[in-house]
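Below you'll find the structure, written out as C-alpha cells, and then a few comments.
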Number of protein chains: 2
Amino acid sequence: MKPGRRGAAVTTAAPSSSRALVHPPRADIRLEGVLHALSDPMRLRVVRQLARDEAGLGGLSCSQIDLPVTKSTSTHHFRVLRESGVIQQIYRGTAKLNGLRRDDLNALFPGLLDSVLTAATAQAERTGPARGH
Amino acid sequence: MKPGRRGAAVTTAAPSSSRALVHPPRADIRLEGVLHALSDPMRLRVVRQLARDEAGLGGLSCSQIDLPVTKSTSTHHFRVLRESGVIQQIYRGTAKLNGLRRDDLNALFPGLLDSVLTAATAQAERTGPARGH
DNA sequence: GTCAAACTACGATGACTCTCGTACTATGGA
DNA sequence: TCCATAGTACGAGAGTCATCGTAGTTTGAC
C-alpha cells in the first residue's frame, strides 16, 4: 500500500525538488483551525521564529527552528500548522523549508496574524524579560 | 481544574447580588488560553453574540445566547471563556450576565479581539449566504 | 554503492475536550 | 411555603491531542 496522500488539494506550483506537500487552498482555511493551530505554545514558537526570519530569505528548515521536543513531535506540529493553512512547506533537498502564508492569512483574516505576533512578543517580554532573544 | 480557590483572583467588585465568580486577573490572562478558547465554534459564536450586543446594555444572560447544545454543555463553554479571561460574568438574580473583557484584552493583546471578530464575520458571510458549491 | 542527514509513518500512552443526562442549588415570585 | 427559572456539579462516553520511541524513506555526498 502506498503512502496514500489524502486530500488532493492544489499544490500551488512545481516543487523545486520533487516530493509534493498538500496545502489547503486559501478558500478552505478556517478561522477556528488557525486559532487552534496558534493556541499551542510550541506552534506559536514556530510561527514567531518564522516571522522573525521572514524579511531575509525564503524560509527556515524544520531543524533550524529550535523546539524542545523530539523530531517526531516536531513533525506533528509542522503538519498541524501546514494543514490549518498557517504555513507553507516545500522540499529542498533533504530539508523542508517553512514560511508563513502571510498573503493568504491577511486576505482572509486581515490583521489577525500581526496582532497574534505582537501579542506573543508582548507576552514573552512581560513573562520573561530576562531570557533568550 | 478544581473549583477550589485557585489563585484567589480579584473579583472586580461587590457583585450586585451575592454569589462570586472567579475571574483571572488581567496579568494572568495567557495568549494561548485566549486563542484556545476562541478556537471552538460554539465559543466563537458566544463571543460574536456578546460583541454584537455590546453597544447596548450591560450583558446577555447565558440563556439569551442561542447555542445548539444542552445547558450543561453551555455552562462548560461559558466557564472556559471566563477562566481564559475572554468574558466576565456576574450574577444578577437567578441569571448570570456575560460580557466581553474588552479593556483587558485590548490592553494585553491590542487589536486581537477585533481582528478575530472581523475574521469571524467575514468567514460567516463567505460561508453562509450563498452556500453554493 | 554506501552512508549520514532530514524528515515521515506508525503505534502507543496519558491527558484533555466536547458532549450529554441526571441530580442539585440558588433566586425570586405566587 | 411551594414552585418555576437559571444555572451548576458530577460522572460518563467518545473523540482528539501532544508526546514519545522505533523503524522507514528520500536525498545528496563520498
Side-chain angles (χ1 to χ4, degrees), chain A residues 1-7 15-23 30 32-46 59-84 86-98, chain B residues 1-6 15-23 30 32-46 59-84 87-98:
Chain A
M1 200 48 154
K2 259 199 327 249
R5 295 262 157 266
R6 57 178 166 268
S16 68
S17 217
S18 59
R19 285 171 286 179
L21 264 333
V22 179
H23 293 78
R30 304 279 309 165
E32 297 89 333
V34 170
L35 293 176
H36 173 248
L38 296 176
S39 74
D40 179 273
M42 291 304 151
R43 292 193 292 260
L44 200 48
R45 198 163 158 159
V46 169
L60 291 172
S61 70
C62 295
S63 53
Q64 279 178 294
I65 293 174
D66 164 53
L67 284 189
V69 293
T70 64
K71 267 203 298 187
S72 53
T73 301
S74 199
T75 295
H76 161 69
H77 287 308
F78 279 104
R79 178 166 41 185
V80 172
L81 286 169
R82 171 168 48 83
E83 292 184 344
S84 65
V86 176
I87 67 170
Q88 195 179 18
Q89 303 187 289
I90 55 171
Y91 278 107
R92 176 83 186 256
T94 86
K96 198 154 79 168
L97 297 185
N98 302 277
Chain B
M1 315 314 137
K2 268 256 71 67
R5 306 281 139 267
R6 108 349 174 352
S16 67
S17 218
S18 61
R19 284 172 287 181
L21 263 334
V22 179
H23 292 79
R30 302 281 307 166
E32 297 88 334
V34 169
L35 294 176
H36 173 249
L38 296 175
S39 73
D40 180 273
M42 291 303 152
R43 292 194 290 260
L44 201 47
R45 198 164 157 158
V46 169
L60 292 172
S61 70
C62 294
S63 53
Q64 278 178 293
I65 293 174
D66 164 54
L67 284 189
V69 293
T70 64
K71 266 201 303 184
S72 51
T73 301
S74 200
T75 295
H76 161 69
H77 286 308
F78 279 104
R79 179 166 36 183
V80 172
L81 286 169
R82 173 168 48 82
E83 291 184 343
S84 66
I87 67 169
Q88 195 179 17
Q89 302 187 289
I90 54 172
Y91 277 109
R92 176 80 185 255
T94 86
K96 198 153 80 169
L97 297 185
N98 301 278

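Residue numbering restarts at 1 for every chain, and letters A, B, ... go by the order of the sequence lines.
- In terms of heavy atoms, L67(B) sits closest to M42(B) at CD2-O, 3.7 Å.
- At a threshold of 4.0 angstrom between heavy atoms, the contacts of S63(B) are confined to the sugar-phosphate backbone, with no base atom among them.
- Distance, R79(A) CZ to dT19(D) P: 14 Å, rounded to whole Å.
- Atoms CG (L60(B)) and P (dA6(D)) sit 14 Å apart, rounded to a whole Å.
- Comparing dC18(C), dG7(D), dC7(C) by their closest approach to the side chain of H36(B) singles out dC18(C).
- Distance, D40(B) CG to dC17(D) P: 12 Å, rounded to whole Å.
- For R45(B), the salt bridge (Lys or Arg N to Asp or Glu O under 4.0 Å) criterion is met by D66(B), not counting sequence neighbours.
- For dC18(C), the OP1/OP2 oxygens have a side-chain nitrogen or oxygen of R43(B) closer than 4.0 Å.
- For Q64(A), the side-chain contact (heavy atoms from CB on, under 4.5 Å) partners are L60(A), S61(A), not counting sequence neighbours.
- Side-chain proximity of T94(B) to dA6(C), dC17(D), dA6(D): nearest is dA6(D).
- Scanning both residues, L35(B) and L38(A), for their nearest heavy atoms gives CD1-O, 3.5 Å.
- Look at OH on Y91(B): it is 14 Å from P on dT25(C), rounded to the nearest Å.
- Listed by residue number, V69(A), T70(A), S72(A), T73(A) are the residues of residues 64-74 of chain A with a heavy-atom contact under 4.0 Å to DNA chain D.
- At a threshold of 4.0 angstrom between heavy atoms, the contacts of H77(B) are confined to the sugar-phosphate backbone, with no base atom among them.
- Rounded to whole angstrom, the span from the CE atom of M42(B) across to the C1' atom of dT17(C) amounts to 14 Å.
- We find that CD1 of I87(A) is positioned 12 Å from P of dC7(C), with the value rounded to whole Å.
- Residues L81(A) and A37(A) come closest through the heavy atom pair CD2-CB, 4.1 Å.
- If you measure from atom NE2 of H76(A) to atom P of dT16(D), you get 13 Å, rounded to the nearest angstrom.
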